[in-house]
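These notes are about the structure you will find just below.
The residues of the chain are indexed from 1 along the displayed sequence.
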Amino acid sequence: MTVRRVVPDVHTESMERSRDFYGLLGLVEVMDQGWVVTMASPANPTAQVTLMGPDATAEIQPDLSVEVEDVDAVHEALVARGTKIVHSLRDEPWGVRRFFALDPSGKVVNIVSHR
């Protein structure tokens, strides 16, 4: 299984203030869906932070996102091991296929592939 990137998901009450803060660190906005904004380093585009308000389709917010090459294979492997899935595998309207799983410490991990 190939990991393409790992991104911390920062929960925010103020998207504007959070965007400004991470901008001062040198990150630039590379994606804005309104409720979720990704900031990345211009020099190293895989160095990213995702700012999140309430999730568009999930009742729970993830703590981090892991982009994988084959989300279906990862889902199958985690289900086979008995991992708790807290947001079912689905295609989202913004072009990703994803699910949320609990890691052993109780962190919510958004496991995602771009379609």
Side-chain angles (χ1 to χ4, degrees):
M1 293 182 210
T2 302
V3 173
R4 295 188 171 171
R5 65 187 170 124
V6 177
V7 180
D9 295 328
V10 176
H11 305 234
T12 182
E13 300 277 328
S14 174
M15 192 64 73
E16 184 176 327
R17 287 179 44 215
S18 294
R19 184 185 291 122
D20 290 346
F21 174 82
Y22 287 98
L24 290 172
L25 298 179
L27 300 177
V28 297
E29 183 181 298
V30 294
M31 190 265 310
D32 183 352
Q33 297 276 339
W35 64 275
V36 61
V37 170
T38 299
M39 307 284 292
S41 165
N44 178 4
T46 60
Q48 300 179 351
V49 172
T50 295
L51 310 173
M52 294 186 79
D55 193 288
T57 64
E59 294 179 16
I60 187 170
Q61 288 184 304
D63 297 299
L64 72 139
S65 295
V66 179
E67 182 183 353
V68 297
E69 186 174 72
D70 185 347
V71 71
D72 293 286
V74 174
H75 183 267
E76 183 179 324
L78 291 178
V79 168
R81 293 192 112 185
T83 300
K84 185 171 183 176
I85 306 301
V86 295
H87 184 66
S88 64
L89 180 63
R90 65 186 69 200
D91 293 323
E92 300 288 12
W94 55 90
V96 301
R97 184 164 173 78
R98 71 177 183 159
F99 69 97
F100 297 175
L102 286 184
D103 81 357
S105 64
K107 298 294 182 191
V108 178
V109 181
N110 172 31
I111 301 159
V112 59
S113 289
H114 284 83
R115 290 185 283 172

I need the [X] [atom1] to [Y] [atom2] distance, nearest 0.5 Å.
| X | Y | atom1 | atom2 | answer |
| --- | --- | --- | --- | --- |
| His75 | Ser88 | NE2 | OG | 7.5 Å |
| Gln61 | Met52 | CD | CE | 5.5 Å |
| Leu78 | Leu89 | CG | CG | 11.0 Å |
| Asp103 | Lys84 | CG | NZ | 13.0 Å |
| Asn110 | Thr50 | CG | OG1 | 8.5 Å |

Test side-chain contact (heavy atoms from CB on, under 4.5 Å) applied to [X] - qualifying residues, sequence neighbours left out:
| X | answer |
| --- | --- |
| Ala47 | Ser41, Asn44 |
| Arg4 | Glu67, Glu69 |
| Glu92 | Thr57, His87, Arg90, Trp94, Val96, Arg98 |

Residue Arg17 excluded, over 12 heavy atoms near CZ under 6.0 Å: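 For Arg17, atom CZ is not crowded (no more than 12 foreign heavy atoms under 6.0 Å).
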
Heavy-atom neighbours of Arg115 CZ exceed 12 at 6.0 Å: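 Result for CZ/Arg115: enclosed.
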
Least distance between heavy atoms, [X] atom then [Y] atom:
| X | Y | answer |
| --- | --- | --- |
| Ala101 | Ile85 | CB-CD1, 4.0 Å |
| Pro54 | Trp35 | O-CE3, 3.5 Å |
| Pro45 | Ala40 | O-CB, 3.8 Å |
| Val71 | Ser113 | N-OG, 3.1 Å |
| Asp32 | Gly34 | OD1-N, 2.7 Å |
| Gly26 | Pro42 | O-CD, 3.3 Å |

Any side-chain heavy-atom pair of [X] and [Y] under 4.5 Å:
| X | Y | answer |
| --- | --- | --- |
| Phe99 | Val79 | no |
| Val108 | Leu102 | yes |
| Met31 | Val36 | yes |

Hphob cluster co-occupancy, Ile60 + Ile111, side-chain heavy atoms under 4.5 angstrom: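 Per the 4.5 Å side-chain linkage, Ile60 and Ile111 are not co-clustered.
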
Same apolar cluster: Val74 and Val66, side chain cutoff 4.5 Å: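 Yes, because Val74 and Val66 connect within a single hydrophobic cluster, where side-chain heavy atoms sit under 4.5 Å apart.
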
Partners passing salt bridge (charged side-chain N to carboxylate O under 4.0 Å, His left out) against Asp70 (at least two apart in sequence or in another chain): none

Under the salt bridge (charged side-chain N to carboxylate O under 4.0 Å, His left out) test, residues paired with Asp72 that sit two or more places apart: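 Applying salt bridge (charged side-chain N to carboxylate O under 4.0 Å, His left out) to Asp72 gives Arg97.
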
Hydrophobic cluster partners of Val49 (side-chain heavy atoms under 4.5 Å): Val10, Met15, Phe21, Tyr22, Leu25, Leu27, Val37, Met39, Leu51

